[in-house]
Structure formats: C-alpha cells, structure tokens
> 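Okay, here's the structure, questions in a sec.
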Amino acid sequence: MMGMMSAFKVATWNVNSLRVRLPHVLSWLASAKPDVLALQEIKMLEADFPYDAIREAGYVAAVSGQKTYNGVAVLSRQASSDLLTDIPDLDDHQRRVLGVTIGSVRLLNLYVPNGESVESEKFKYKLNWLTKLDLFLKNELKKYPQLIVLGDFNIAPAEIDVHDPKRWEGQVLFSTPERQAFQALLQVGFSDCFRQLSPDEKSYSWWDYRMNAYKRNMGLRIDHVLASKPLSLLCEQCYIDQSPRSWERPSDHAPVVAEFALR
DNA sequence: ATGGTTGCAACGCAA
C-alpha cells in the first residue's frame with residue numbers, strides 16, 4: 001500500500017566454515033527470518049556452495065568463494081543484482097567483499113582482514129585494505145544513498161566494545177590505528193547502527209574459542225552494521241543475537257541484526 | 001601463563 005512502511009531486516013554472521021555451520025544457518029534463518037543474511041568465512045568454493053539447501057529455506061544466494069579460507073555470501077529473500085566482488089585499486093585475491101543491490105538498498109558485505117598482530121605484515125595489509133575501502137566507500141555513497149556496509153570488521157571501535165580494555169589496549173582488533181581506521185569509515189558518512197541505538201550497552205559479537213571465553217563473556221564487538229545517514233534515520237532496531245554462540249559446535253561469532261523501516 | 005581451540009587439510013597455517 002502507498003506510504004506503508006515495511007520492515008527490512010538485515011543480519012551479518014561470520015560462520016567460520018559454512019560446511020560445518022550450515023545446520024546453524026538454516027536453523028537461525030527459520031527462527032530469525034531476516035530479509036538478508038550476509039555471511040563471512042564460508043571457506044569454500046562457489047562450486048561447493050549449498051545452493052539447494054538455501055533455496056529450500058526460501059533464500060537466494062550471491063557467493064564469492066575460495067578454497068580453504070575467507071569467502072563471503074549474501075542470502076536474500078528477494079533476488080540480488082549488480083554483484084561486485086572486488087574493491088577497485090585493491091589487488092586482492094582473497095575473497096572478502098560482496099556488493100549487491102536488493103530492492104532500493106545497496107549492501108556491501110565485508111570480511112575485513114584479521115591482521116594477526118600489530119607487528120605482522122598482515123597488519124599492514126589490513127590497514128592498507130581499510131584505506132582502499134575508505135576511498136571506495138566515498139564514491140559508493142554518491143552512487144547509492146541507501147547503503148549498508150556490514151560484516152566482520154575485525155575492529156572493536158571503543159573501550160565499551162571490549163570486555164577488558166586494559167588488557168586489549170594496543171592489541172590487534174583494538175589498536176589505535178585500527179580504531180582510527182574505523183572512525184575514518186564512519187566519517188565518510190555512516191552510522192554504527194548498534195551504537196547509535198544503544199549508546200551504553202556492552203554486548204559482544206565474538207568470543208575466542210580458547211579459555212572458555214564465551215562462558216566468561218570475554219568478548220569483543222567486532223561485527224557491525226553501518227548505515228548511510230539517510231538509512232540510519234530509518235534504523236529502528238539493532239541487536240546481537242548471542243544464542244547461536246551457545247549452540248553445539250558454534251561459530252566463534254554471533255549474528256548482528258538490524259531492522260530498517262523502509263518506505 | 002606467549003598458553004588455549006577450531007577448521008582445513010595435511011602434520012602447518014589462519015583466526
């Protein structure tokens with residue numbers, strides 16, 4: 001109907017192998033019923049993607065995969081179009097990016113490099129990757145006013161996003177250059193939906209498999225949904241669904257969900 | 001306390 005609002009529910013989840021986590025994804029889709037689910041670390045080739053199971057669940061899939069590592073996919077109820085798998089001017093064989101258009105919304109699903117440690121070459125690769133992303137997003141915002149950038153950013157933006165900021169200070173995922181890179185992304189014209197709606201909430205999206213980190217709630221908020229300013233005004237809910245992290249043989253990440261009241 | 005756990009794939013690498 002004319003003028004009627006409809007909820008557009010998007011989610012992001014680093015599944016750490018879709019081969020292992022397919023039952024988790026199917027179960028979560030059935031209960032959460034998002035319009036879109038962006039997956040990271042599917043760790044498989046497109047040829048091995050479980051298209052049939054995803055279709056039977058009521059979703060279509062756009063996939064950018066590779067063998068063994070990385071790999072991203074976007075599941076959606078509506079078909080997606082205008083797929084993009086690479087950031088211009090970033091020569092990267094690692095499959096970490098998937099842009100799609102769904103209805104009036106442009107989505108960019110990201111698996112930002114982990115960085116390993118602040119002393120490593122992978123850390124330099126991470127920072128360069130984020131710089132190139134920044135330049136890319138400036139142009140994407142001009143093309144797509146309704147833009148959502150979501151995924152595993154491998155950055156906890158602030159102290160409130162870390163269970164023990166003192167211990168994590170200067171470490172990868174929470175170092176100053178990474179946090180500055182995250183702020184630079186926001187400065188391009190995005191809002192961190194979770195933090196926008198819950199300024200004081202301590203809620204994490206990732207817990208290390210080691211040291212019983214989940215049971216002790218030793219987590220970090222490193223998975224994010226960023227919305228362009230026009231869209232952020234329409235964001236009505238954003239939350240982290242911790243429940244799948246407590247399931248049998250879980251991913252080390254939990255899904256982050258955001259709901260937008262599209263016109 | 002420089003540990004520990006998981007996935008992939010092959011006895012190491014990446015997270």
Side-chain angles (χ1 to χ4, degrees), chain A residues 12-28 37-50 53 63-73 90-98 109-130 133 150-157 161-175 177-179 181-182 204-224 240 242-256:
Chain A
T12 174
W13 194 4
N14 179 325
V15 289
N16 184 19
S17 167
L18 185 57
R19 200 171 276 109
V20 175
R21 238 65 71 184
L22 181 61
H24 303 63
V25 168
L26 295 175
S27 174
W28 191 78
L37 174 58
L39 301 174
Q40 303 87 36
E41 282 203 273
I42 63 171
K43 294 188 174 178
M44 57 171 59
L45 292 163
E46 247 183 274
D48 298 319
F49 192 87
V63 181
S64 180
Q66 74 178 78
K67 192 173 150 69
T68 312
Y69 301 120
N70 309 311
V72 284
L90 180 65
D91 183 25
D92 189 2
H93 71 277
Q94 302 188 22
R95 301 296 79 199
R96 298 178 172 279
V97 174
L98 189 54
N109 177 20
L110 299 180
Y111 175 44
V112 175
N114 172 282
E116 190 181 37
S117 75
V118 294
E119 299 88 8
S120 71
E121 284 301 314
K122 286 175 195 159
F123 188 73
K124 291 177 187 162
Y125 161 69
K126 180 180 193 174
L127 292 182
N128 177 60
W129 201 97
L130 289 163
L133 172 68
L150 75 175
D152 177 1
F153 286 72
N154 270 315
I155 302 172
D161 301 310
V162 179
H163 70 95
D164 185 350
K166 289 236 161 57
R167 189 178 120 185
W168 277 88
E169 192 63 55
Q171 302 295 308
V172 74
L173 310 184
F174 190 55
S175 72
E178 292 166 273
R179 291 162 67 184
F182 187 84
Y204 310 129
S205 67
W206 171 82
W207 300 259
D208 201 302
Y209 283 124
R210 295 165 285 194
M211 298 170 75
N212 282 316
Y214 181 65
K215 277 182 188 163
R216 300 157 71 189
N217 198 27
M218 294 166 59
L220 274 68
R221 191 175 71 92
I222 59 175
D223 300 87
H224 308 295
I240 301 169
Q242 291 197 9
S243 58
R245 186 63 179 80
S246 68
W247 295 351
E248 205 67 38
R249 211 180 177 191
S251 166
D252 45 352
H253 295 252
V256 183

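Proteins come first, then strands; the chains are lettered A, B, ... in the order of their sequence lines, and each starts at number 1. Bear in mind that the values here come from a model prediction, so they are computed numbers and not experimental data.
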> What residues form a side chain to side chain contact (heavy atoms under 4.5 Å, CB included) with A:Arg19, not counting sequence neighbours?
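So A:Arg19 forms a side chain to side chain contact (heavy atoms under 4.5 Å, CB included) with A:Ser17, A:Met44, A:Asp48.
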> In dot-bracket notation, what is the pairing pattern of DNA chain B, taking Watson-Crick (N1-N3 plus N6-O4 or O6-N4) and G-U wobble (N1-O2 and O6-N3) contacts under 3.5 Å, with [ ] crossing and | for other strands?
....((((...))))
> Identify the pairs formed between an N or O of the protein and an N or O of nucleotides 2-4 of chain B at a distance under 3.5 Å, and give each distance.
none

> Could you pull out all residues at least two apart from A:Asp208 that satisfy side chain to side chain contact (heavy atoms under 4.5 Å, CB included)?
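Applying side chain to side chain contact (heavy atoms under 4.5 Å, CB included) to A:Asp208 gives A:Trp206, A:Arg210, A:Ala213.
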> Taking only residues two or more places apart in sequence, or in another chain, which ones meet A:Pro244 in a side chain to side chain contact (heavy atoms under 4.5 Å, CB included)?
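Side chain to side chain contact (heavy atoms under 4.5 Å, CB included) check on A:Pro244 returns A:Trp13, A:Trp28, A:Asp241, A:Trp247, A:Pro255.
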> For A:Gln242, give me all partners under side chain to side chain contact (heavy atoms under 4.5 Å, CB included), at least two apart in sequence or on another chain.
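In terms of side chain to side chain contact (heavy atoms under 4.5 Å, CB included), with neighbours along the sequence ignored, A:Gln242 is linked to A:Ser203, A:Trp207, A:Tyr214, A:Ile240.
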> Can you list, by residue number, the residues of residues 14-24 of chain A that have a non-hydrogen atom closer than 4.0 angstrom to DNA chain B?
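Residues of residues 14-24 of chain A that come under 4.0 Å of DNA chain B are, in numerical order, A:Asn16, A:Ser17, A:Arg19, A:Val20, A:Arg21.
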> Collect all protein-nucleotide pairs involving nucleotides 11-14 of chain B in which both atoms are nitrogen or oxygen and the distance is under 3.5 Å.
unit_1 : atom_1 : unit_2   : atom_2 : d
B:dA14 : OP2    : A:Lys122 : NZ     : 3.0
B:dA14 : O5'    : A:Lys122 : NZ     : 3.3

> Which residues pass the ring-ring contact (aromatic ring centres under 6.0 Å, His included) test with A:Phe153, sequence neighbours left out?
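Only A:Phe182, A:His224 meet the ring-ring contact (aromatic ring centres under 6.0 Å, His included) criterion with A:Phe153.
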> With A:Asn109, which residues qualify under side chain to side chain donor-acceptor pair (under 3.5 Å), at least two apart?
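Result, side chain to side chain donor-acceptor pair (under 3.5 Å) vs A:Asn109: A:Gln40.
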> Which residues pass the side chain to side chain donor-acceptor pair (under 3.5 Å) test with A:His163, not counting sequence neighbours?
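Side chain to side chain donor-acceptor pair (under 3.5 Å) check on A:His163 returns A:Trp168.
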> Applying ring-ring contact (aromatic ring centres under 6.0 Å, His included), name anything that partners A:Phe123, two or more places apart in sequence or on another chain.
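By the ring-ring contact (aromatic ring centres under 6.0 Å, His included) rule, A:Phe123 matches no residue at all.
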